[in-house]
Amino acid sequence: MLEFAGRFSNPNLMIKQGKYWSIIFRESTTTLGNCILICNRECPTLGELQQEEMEEFPILCKWYEEKVKSLYGAIKFNYVAMMMKEEFVHFHVIPRYDKEIEKYGLVWKDLDYPKGTTLSKIDITSEVKEQIIKDLKD
């Protein structure tokens, strides 16, 4: 599934899949637990989303937010739908933190908080990435 989604179609990044939406790990790590929420079909604009897709959307958002809050203590979430490179509906979901978090042998700091995210990239090892994906799936 998500064959149309190019770099987002890697099955190893899949966190949770609903009927209409999927949550995948965002490899360009911005904050701890950041993901992509993507429509499961090739839909070029928000205006072309169908009613049943919009009904499932908050269900996956709630699952994700509760998961990241319980795992890492996120206090807010930014949903960014730029769709500049990829021309299909997806949101970069950025958990926001008001304090440093020590996890996976790293100190994570939300450098932009309390302002809007700049989507700056944090380099992490493949082992850390795999552990985050595993923890989000469990």
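All figures in this text were calculated on a predicted structure; none of them were measured in a lab.
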**Q** Strictly by salt bridge (charged side-chain N to carboxylate O under 4.0 Å, His left out), give each pair with a member in residues 125-136 just once, sequence neighbours left out.
**A**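 Counting only pairs at least two positions apart or across chains, the salt bridge (charged side-chain N to carboxylate O under 4.0 Å, His left out) contacts touching residues 125-136 are E27-K129, K134-D138.
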
**Q** If you take all heavy atoms of G33 and V68, which pair is closest and at what distance?
**A**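 Result for this residue pair: O-CG2, 4.2 Å.
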
**Q** Has S70 got a side-chain atom pairing as donor or acceptor with E66's backbone, closer than 3.5 angstrom?
**A** yes

**Q** Should L106 and I122 be counted in the same cluster of Ile, Leu, Val, Met, Phe, Trp and Tyr side chains packed under 4.5 Å apart?
**A** yes

**Q** Under 4.5 Å side-chain heavy-atom separation, chaining through any Ile, Leu, Val, Met, Phe, Trp or Tyr, what else clusters with L111? Say none if it is isolated.
**A** none

**Q** Got a sec, which residues hit side-chain contact (heavy atoms from CB on, under 4.5 Å) with S120, two or more places apart in sequence or on another chain?
**A**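 By the side-chain contact (heavy atoms from CB on, under 4.5 Å) rule, S120 matches D112, T118.
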
**Q** Atom CD1 of I36 and atom CD1 of I15: how far apart are they, to the nearest 0.5 Å?
**A**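 Result: 11.0 Å between the selected atoms.
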
**Q** For the CD atom of E102 and the NZ atom of K109, what is their distance to the nearest 0.5 Å?
**A** 12.5 Å

**Q** Which pair of non-hydrogen atoms, one from P44 and one from V89, has the smallest distance, and what is that distance?
**A**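 Smallest heavy-atom distance, with atoms named: C-CG2, 4.4 Å.
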
**Q** Would you say the side chain of F91 lies within less than 4.5 Å of the side chain of L46, judging by non-hydrogen atoms?
**A**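 Heavy-atom side-chain distance check passes, below 4.5 Å.
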
**Q** Side chain to side chain contact (heavy atoms under 4.5 Å, CB included) for L37 and Y64? Distances and angles first, verdict last.
**A** CA-CA 9 Å; L37 182 57; Y64 170 77; over 6 Å; no

**Q** Other residues, nucleotides and ligands only: do more than 12 of their heavy atoms fall within 6.0 Å of NZ on K137?
**A**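 Yes, enclosed.
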
**Q** Provide the closest heavy-atom pair for Y72 versus L32 in the form atom of the first, atom of the second, distance.
**A** CD2-CD2, 3.3 Å

**Q** Is T117 close to R96 at the side-chain level, that is, under 4.5 Å between some pair of heavy atoms?
**A**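 Yes, their side chains come closer than 4.5 Å.
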
**Q** Could you list the donor-acceptor pairs under 3.5 angstrom formed by side chains in residues 52-60, with sequence neighbours left out?
**A**
| residue | atom | partner | partner atom | Å |
| --- | --- | --- | --- | --- |
| E53 | OE1 | R41 | NH2 | 3.2 |
| E53 | OE1 | Q50 | N | 2.7 |
| E53 | OE2 | R41 | NE | 2.5 |
| E55 | OE2 | Q51 | NE2 | 3.3 |
| E56 | OE1 | Y20 | N | 2.7 |
| E56 | OE1 | W21 | N | 2.8 |
| E56 | OE2 | K19 | N | 2.9 |

**Q** So how far is it from K85 NZ to H90 NE2, rounded to the nearest 0.5 Å?
**A** 10.0 Å

**Q** Residues sharing M82's hydrophobic cluster, by side-chain heavy-atom contacts under 4.5 Å among ILVMFWY, directly or via others?
**A** V80, M84, I94, L119

**Q** I'd like to know if W63 and Y79 are part of one continuous hydrophobic network [Ile/Leu/Val/Met/Phe/Trp/Tyr, side-chain heavy atoms within less than 4.5 Å].
**A**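 Yes, Y79 connects to W63 through the hydrophobic network.
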
**Q** Do S22 and N40 meet the criterion of a side-chain donor-acceptor pair at a distance under 3.5 Å?
**A**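 The answer is yes; a qualifying pair exists.
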
**Q** Minimum heavy-atom separation for C35 to L136, with atom names?
**A** SG-CD1, 3.9 Å

**Q** According to the salt bridge (charged side-chain N to carboxylate O under 4.0 Å, His left out) rule, which pairs have a member within residues 71-82, sequence neighbours left out?
**A** none

**Q** Determine whether T31 and Y113 satisfy the following criterion, side chain to side chain contact (heavy atoms under 4.5 Å, CB included), listing intermediate values before the conclusion.
**A** CA-CA 10 Å; T31 61; Y113 187 85; over 6 Å; no

**Q** Does the side chain of C43 come within less than 4.5 Å of L49's, by heavy atoms?
**A** yes

**Q** Show your working on side chain to side chain contact (heavy atoms under 4.5 Å, CB included) between F88 and T45 and close with a plain yes or no.
**A** CA-CA 7 Å; F88 49 83; T45 69; over 6 Å; no

**Q** Any side-chain heavy-atom pair from T30 and D110 closer than 4.5 angstrom?
**A** no

**Q** Just wondering, more than 12 heavy atoms not from E48 lying within 6.0 Å of its CD?
**A**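 Atom CD in E48 is packed in, count exceeds 12.
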
**Q** Rounded to the nearest 0.5 Å, what's the gap from CD1 on I24 to CG on L2? Could you check?
**A** 6.5 Å

**Q** Is it true that the NZ or CZ of K103 lies under 6.0 Å from the centre of W108's six-membered ring and within 45 degrees of the ring axis?
**A**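 So K103 doesn't make the cation-pi contact.
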
**Q** Let me confirm one number: the CD-CD1 distance from Q17 to I23, rounded to the nearest 0.5 Å.
**A**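 Result: 10.5 Å between the selected atoms.
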
**Q** Can you find a heavy atom in the side chain of Y97 that is under 4.5 Å from one in the side chain of I75?
**A** no

**Q** I would like to know whether N34 and H92 meet side chain to side chain contact (heavy atoms under 4.5 Å, CB included); could you show each step before the answer?
**A** CA-CA 8 Å; N34 66 175; H92 298 261; over 6 Å; no

